[in-house]
Amino acid sequence: MRQIAHLIPAFLLIAAAPAPSPKALEASVSHLVSFGTRHTLSTTTDPARGIGAARRWVASEFTSLGRQCGSCLTVETIGDRFTGPRAPDGVRVEDVIAIQKGVGDPDRVIIVQGHIDSRVNDVMDATSDAPGANDDASGVALVLEAARLLSREKFAATIVYAALSGEEQGLWGGKLLANTAKARGWKVAAVLNNDIVGNTHGIGGEHITDRVRVFSEGIRTAADADGLKQQRATGAEDDSPSRALAKAAVMQANAHREIGLQVLAVRRPDRFQRGGDHIPFLEADYPAIRFSEATENYDRQHQSLRTENGRVYGDTIEWVDFPYLAKVTALNVALLRQLASAPAAPARVTIAGALSDDTHVAWEPVAGAAGYRIRWRRADGASWTDQRDVPAGTTTADLRRVNIDDTFFGVSALAVNGAESLVTFGGVPPAPPLGSKR
């Protein structure tokens, strides 16, 4: 235990970091709204209107931030052609990304993203004004502000800041970035998708400024038959990598009460029968979650600008609550800093202890880990309640009088500064070879 006694809790470091600026967020949303429409099928050549102009502006903002941090950001525009019911003639979809390369484990990648495109009632209407102030200029502004704050620092892992296109036409920007990650061999450790994160007034009259929803999958979208069988057999439905990421968001919110946000961790991949740009990452077997405001107003989503019977429709900037958006940004930044500072999560954790009152936990070593945290909880609970830290070089632990039948287990890796990786759920050990003695 002496080897990790000097670890500094990561939340102490995060607490001293600069806070997001509501004014900077408002300036970004205002500029994005000024392009009139950002529909994926809108003009790409007009210097002041349409998605092309919006993408070029975001790229220029990333480039400016990169200059301020000594060229710490590599800015790219990646693209591919997509065809579907909402673009029957096909359209080139482009994502603007800024890559902050890690200094310790650069192949491990953390992504924070929002989608730049907007729409009105008619999803094929590429010319009418579609300000998209909350859906999703709020998410893109959050990404820009996260880049402004975090580009001042250095992290072990690589952070990718992304403004995606084509979400409203078919989640194509998410598919493009997920495909790019695969092609480049990125080890994507987490994807934070921010979509509709700036409104606090619900359609039913609610006003919620102290809560944000985080959506995550339980049963893994990309799991094969054997993976699904093991997940069910071990009771791991609530501990997929994406669910572990959502739980990490909850822990960050609890550690940073000064932010003023509670996390409602919704145990489904997205809102009922809806989706976002994190879904393609789940399909690619990357841990991904969605942040969304606590209460939505559907009069201000996908609506043509109009007033009917005294009721105002449209996603305009006056409905964005920028102090609230700053809170959601702060939570993203805290989680990004934690994950980018931590080592990788253990690749595999096994448990043994059937017919015993003790449990044996074992895990694969993680390069660069300063220690490990063994976590456990009663099997009828969702949140980790107990823990034991062990030093680097340790890969097993025996938990006396902790019954394997009544308890769930996991292990995370720790950095010297106390930053903790995602928790890897403990499953059964591999089956012995045929003919061997048990």
Side-chain angles (χ1 to χ4, degrees), residues 109-111 113 167 170-171 174-175 177-179 181-182 186-195 212-252 263-292 335 339 344-351 354 361 363-364 375-385 404-412 421-431:
V109 173
I110 318 294
I111 298 173
Q113 63 186 30
E167 195 268 355
L171 309 183
K175 291 178 183 178
L177 188 52
N179 290 342
K182 285 285 187 184
W186 291 351
K187 299 174 183 175
V188 179
V191 179
L192 312 185
N193 186 44
N194 287 271
D195 194 351
V212 66
R213 292 176 296 169
V214 173
F215 296 85
S216 65
E217 70 172 10
I219 300 297
R220 293 168 65 176
T221 300
D224 58 17
D226 287 341
L228 291 173
K229 183 177 180 180
Q230 185 180 43
Q231 193 172 16
R232 293 190 180 102
T234 58
E237 295 92 342
D238 197 48
D239 290 273
S240 68
S242 295
R243 189 60 52 78
L245 179 55
K247 291 179 181 183
V250 173
M251 286 190 279
Q252 284 299 308
V263 170
L264 175 62
V266 183
R267 283 163 165 74
R268 61 164 62 107
D270 209 315
R271 294 131 332 136
F272 186 67
Q273 295 185 324
R274 301 169 76 186
D277 274 320
H278 58 302
I279 301 297
F281 290 92
L282 298 178
E283 294 170 346
D285 207 20
Y286 295 134
I289 56 177
R290 175 186 180 134
F291 287 83
S292 279
L335 183 55
L339 297 174
R348 181 179 175 84
V349 175
T350 61
I351 56 175
V361 183
W363 57 92
E364 296 182 7
R375 289 187 175 272
W376 65 97
R377 68 179 191 264
R378 270 179 35 163
D380 61 348
S383 301
W384 301 111
T385 56
I404 197 170
D405 294 326
D406 303 333
T407 314
F408 288 148
F409 305 88
V411 177
S412 58
S421 76
L422 296 184
V423 179
T424 301
F425 188 72
V428 295

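Positions are given from 1, in the same order as the sequence printed here. Predicted, not measured: the structure shown is a model, and the values here were computed from it.
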Looking only at atom types and distance, does a side-chain atom of [X] sit under 3.5 Å from a main-chain N or O of [Y], one as donor and one as acceptor?
X	Y	answer
T424	R348	no
T385	R378	no
R267	A265	yes
H278	P269	yes
R290	D195	yes

For [X] versus [Y], what's the shortest heavy-atom pair and its separation?
X	Y	answer
D224	G227	OD1-N, 2.7 Å
S216	R243	OG-NE, 2.7 Å
A244	V423	CB-O, 3.6 Å
A178	P280	CB-O, 4.1 Å
A189	P287	O-CG, 3.5 Å
L422	A248	CD2-CB, 3.8 Å

Check: In terms of heavy-atom contacts, does NZ of K182 have more than 12 from other residues, nucleotides or ligands at under 6.0 Å?
Finding: yes
Check: Would you call D239 and R375 a salt bridge, using N to O less than 4.0 angstrom?
Finding: no
Item checked: F408 and T234: CA distance, side-chain angles, deciding distance, side-chain contact (heavy atoms from CB on, under 4.5 Å) verdict -> CA-CA 9 Å; F408 288 148; T234 58; over 6 Å; no
State the [atom1]-[atom2] distance between [X] and [Y], to the nearest 0.5 angstrom.
X	Y	atom1	atom2	value
I289	D270	CD1	CG	12.0 Å
F215	S242	CZ	OG	14.0 Å
E217	I279	CD	CD1	7.5 Å
T350	E364	OG1	CD	8.5 Å

Margin query: Using side-chain contact (heavy atoms from CB on, under 4.5 Å), reason through L177 and Q113 one step at a time and then give a plain yes or no.
Written below: CA-CA 10 Å; L177 188 52; Q113 63 186 30; 3.8 Å; yes
Check: Taking only residues two or more places apart in sequence or in another chain, which ones pass side chain to side chain donor-acceptor pair (under 3.5 Å) with D285?
Finding: R220
Notebook entry, point to check: Can you list the steps and then say if V214 with L264 is a side-chain contact (heavy atoms from CB on, under 4.5 Å)?
Noted result: CA-CA 6 Å; V214 173; L264 175 62; over 6 Å; no
Next item on the list: Ignoring hydrogens and angles, state whether a donor on the side chain of R213 or S292 is under 3.5 Å from an acceptor on the partner side chain.
Entry: no
Notebook entry, point to check: Going through the distances and angles, do F291 and L335 end up as a side-chain contact (heavy atoms from CB on, under 4.5 Å)?
Noted result: CA-CA 12 Å; F291 287 83; L335 183 55; 4.3 Å; yes
Notebook entry, point to check: According to the interplanar angle, ranging from 0 to 90°, do the rings of Y286 and F281 count as parallel (below 30°), tilted (30 to 60°) or perpendicular (above 60°)?
Noted result: tilted
Note to self: If we check side-chain contact (heavy atoms from CB on, under 4.5 Å) with I111, which of these qualifies: L192, N193, V191?
What the structure shows: V191
Notebook entry, point to check: Considering only heavy atoms from C-beta outward, does the side chain of K247 approach that of D238 to under 4.5 Å?
Noted result: yes
Margin query: Under the rule for side-chain contact (heavy atoms from CB on, under 4.5 Å), what residues qualify as partners of L228, not counting sequence neighbours?
Written below: I219, A223, Q231, R232
